[in-house]
Amino acid sequence: MASLDRVKVLVLGDSGVGKSSLVHLLCQNQVLGNPSWTVGCSVDVRVHDYKEGTPEEKTYYIELWDVGGSVGSASSVKSTRTVFYNSVNGIILVHDLTNKKSSQNLYRWSLEVLNRDSVPTGVLVMNGDYDQEKFADNQIPLLVIGTKLDQIHETKRHEVLTRTAFLAEDFNAEEINLDCTNPRYLAAGSSNAVKLSRFFDKYISGFGNECASEDPRCPGALPEGQNNPQVCPYNLYAEQLSGSAFTCPRGTNKRSWLYRILPSVSHKPFESIDQGNVTHNWDEVDPDPNQLRWKPFEIPKTSQKKVDFVNGLHTLCGAGDIRSNNGLAVHIFLCNSSMDDRCFYNSDGDFLIVPQKGKLLIYTEFGKMCVQPNEICVIQRGMRFSIDVFEETRGYILEVYGVHFELPDLGPIGANGLANPRDFLIPVAWYEDRQVQGGYTVINKYQGKLFAAKQAVSPFNVVAWHGNYTPYKYNLENFMVINSVAFDHADPSIFTVLTAKSVRPGVAIADFVIFPPRWGVAAKTFRPPYYHRNCMSEFMGLIRGHYEAKQGGFLPGGGSLHSSMTPHGPDADCFEKASKATLVPERIADGTMAFMFESSLSLAVTKWGLKTSSCLDENYYKCWEPLKSHFTPNSRNPAGPK
């Protein structure tokens with residue numbers, strides 16, 4: 001139990017609105033048989049674990065603090081309540097749908113807890129007197145819940161719910177209306193359950209936005225009107241993290257200001273450590289132009305050896321030069337243990353992380369992210385992070401040197417489509433003020449080598465931050481597919497999620513491309529990927545399912561590399577079936593997510609990739625051996641599919 005994080009959520013509202021019944025339903029999934037008045041405060045605990053498709057999957061305790069709802073005018077009543085208002089992570093505002101006054105009083109409750117002493121107890125704040133701008137910068141998540149829905153006649157429900165909808169709008173919060181005597185209102189998978197999950201975990205959305213966040217335990221931690229005051233709020237240190245040159249044009253200038261308990265410079269000297277299987281030596285083995293495919297990379301068993309994210313990094317291939325900030329590397333991570341009192345940061349480039357098996361709880365200087373298979377995250381150059389895992393875990397990493405990932409230009413597609421900026425999520429500020437006995441280890445990747453330094457405190461001591469240089473995550477299910485609806489193929493570039501551009505227009509150091517579930521409707525067309533040779537290098541991985549062009553040996557957790565101008569395409573079985581198929585609209589790749597790291601550079605494979613991993617499929621070339629000639633010199637129009 002002690003290892004689980006705890007979250008404090010206040011449950012506020014007038015007496016008699018059903019707060020105790022609500023808390024019991026949330027925590028026990030049962031109806032409270034004999035509700036009574038709450039005197040002072042009572043605390044119940046909900047053990048919460050997000051399932052597949054929710055924003056976060058870490059198990060933790062949500063402490064629901066049910067605060068007594070007396071609205072008496074005595075100052076002692078209010079002063080008693082304020083002792084419960086410290087270190088709050090979220091607020092649930094509860095009102096009785098049958099009692100209009102209890103709805104109006106939510107404005108007073110919000111003012112009391114967020115503004116402490118500025119509103120006397122018992123003062124009714126009507127909607128018209130509520131200044132939304134006063135709490136525009138509030139970082140504490142709010143949720144509005146209306147109770148006793150069952151007591152409103154169906155003919156009156158529309159009128160009541162229309163009126164109460166303004167509450168959620170005023171508080172910039174989501175709204176749930178329910179009957180606390182019926183658990184079905186919070187049934188798993190329902191819209192109310194989804195809203196509840198979103199409330200328990202909050203992200204900032206948008207790609208490349210100027211954002212600001214502060215841990216709700218320290219309201220006002222962000223300095224007002226300047227970046228570097230003589231004395232920061234709460235006596236914090238100001239520190240800038242720059243992801244671009246100071247003089248970059250405004251559109252490409254990336255930086256964030258961090259307000260932290262101790263600056264990141266507070267560490268002992270770095271010393272070289274064992275490199276493991278991390279390398280930037282692209283001349284370890286002779287070049288190999290063959291089509292290459294790997295069986296699923298083997299994850300070390302916990303019973304044999306504990307391996308965390310850093311120890312489990314293996315460089316598979318790459319190209320370019322780290323010192324000149326031009327190039328990329330593809331890594332595989334294979335781990336079974338969390339990074340205990342260890343963090344990592346990369347001085348060489350950005351990490352695009354693609355988990356394939358097992359969820360990742362990633363602690364960053366900007367906050368926490370949970371990233372699970374079918375999601376990706378980007379940890380940009382210089383950002384410190386630590387990863388917790390919960391099982392034997394595997395995934396892929398695309399590292400780019402000297403450039404950052406961008407959303408691709410849409411051109412004739414227009415304003416919408418592919419990955420929408422709003423679907424990228426940025427963590428909110430969260431800090432830990434923790435001394436580490438024996439020292440916290442900070443690991444740095446610098447010029448392709450690993451170094452370690454010790455410091456006395458956790459590096460995740462950023463109380464507040466603002467800027468446009470942040471980590472972020474994205475759910476691949478949100479990708480809006482563009483596809484052919486007439487005949488032939490559009491180029492696979494229409495499936496690009498992120499790109500890292502080179503200095504040549506239209507040519508990328510690396511593209512991250514996916515092949516998601518979609519409809520195939522093209523007429524008169526061979527629908528699987530066509531045979532081709534490409535000036536680009538293509539590394540493919542499979543998160544789940546079966547890739548349409550190779551149903552057999554290409555497996556989740558494995559990969560393939562088709563180097564510059566190396567021919568490739570569907571295997572013989574796929575070609576035969578697709579050539580004879582009846583062309584009707586069909587779903588393609590349901591239950592599957594394949595992806596590609598595509599680069600203009602000619603990638604070299606490492607010794608680990610070709611030999612040490614023992615995962616190279618020596619028989620890959622055989623999938624094309626059954627291809628046979630269908631040449632009909634005497635018949636230009638042979639019978640084809642119908």
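Between the NE2 atom of H267 and the CG atom of L262 there is a distance of 12.0 Å, given to the nearest 0.5 Å. Taken from CG in N374 to CZ in R544, the straight-line distance is 4.0 Å, to the nearest 0.5 Å. One distance of note links CG of N468 with SG of C211; it measures 8.5 Å at 0.5 Å rounding. Atom CD1 in I443 sits 9.5 Å away from atom CG in L313 (nearest 0.5 Å). Separation of atoms CD1 (I514) and OG1 (T592) is listed at 12.5 Å; rounding is to 0.5 Å.
Judged by distance alone, with hydrogens and angles left aside, the side-chain atoms of Y474 form a donor-acceptor pair with the main-chain N or O of F479 at under 3.5 Å. Judged by distance alone, the side chain of S599 and the main-chain N or O of L601 form a donor-acceptor pair under 3.5 Å.
A side-chain donor-acceptor contact under 3.5 Å links E239 and S264. The closest side-chain donor-acceptor pair between R384 and N346, if any, does not fall under 3.5 angstrom.
Here F333 pairs with F309 under the ring pair (Phe, Tyr, Trp, His ring centres under 6.0 Å) rule; sequence neighbours left out.
Between H404 and Y469, the ring-plane angle classifies as perpendicular under the 30° and 60° cut-offs. Using the six-membered ring where Trp is involved, F597 and F595 have ring planes that are tilted, between 30° and 60° apart. Between F424 and Y472, the two ring planes are perpendicular [angle over 60°; tilted spans 30° to 60°].
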Practice task
Step by step, work out the salt bridge (Lys or Arg N to Asp or Glu O under 4.0 Å) result for E618 and R293.
Solution key: CA-CA 8 Å; E618 302 288 354; R293 183 167 71 187; over 6 Å; no
Exercise for the section: Step by step, work out the salt bridge (Lys or Arg N to Asp or Glu O under 4.0 Å) result for R260 and D433. Expected result: CA-CA 10 Å; R260 57 196 318 153; D433 184 9; over 6 Å; no
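Salt-bridge check for E432 with K368: failed, with every basic side-chain N at 4.0 Å or more from each acidic carboxylate O. One finds no salt bridge joining R323 and D321 here, because no Lys/Arg side-chain nitrogen approaches an Asp/Glu carboxylate oxygen to under 4.0 Å. The existence of a salt bridge linking D348 and K445 is confirmed by a sub-4.0 Å separation between a basic side-chain nitrogen and an acidic carboxylate oxygen. Using a cutoff of 4.0 Å between basic side-chain nitrogens and carboxylate oxygens, E391 and K357 are scored as salt-bridged. By the 4.0 Å N-to-carboxylate-O rule, E375 lies close enough to K473 to be salt-bridged with it.
A cation-pi geometry, defined here as NZ or CZ lying under 6.0 Å from the six-membered ring centre and within 45° of its normal, does not hold between R342 and Y440.
In Y234, the OH atom is crowded: over 12 heavy atoms of neighbouring residues, nucleotides or ligands sit closer than 6.0 Å.
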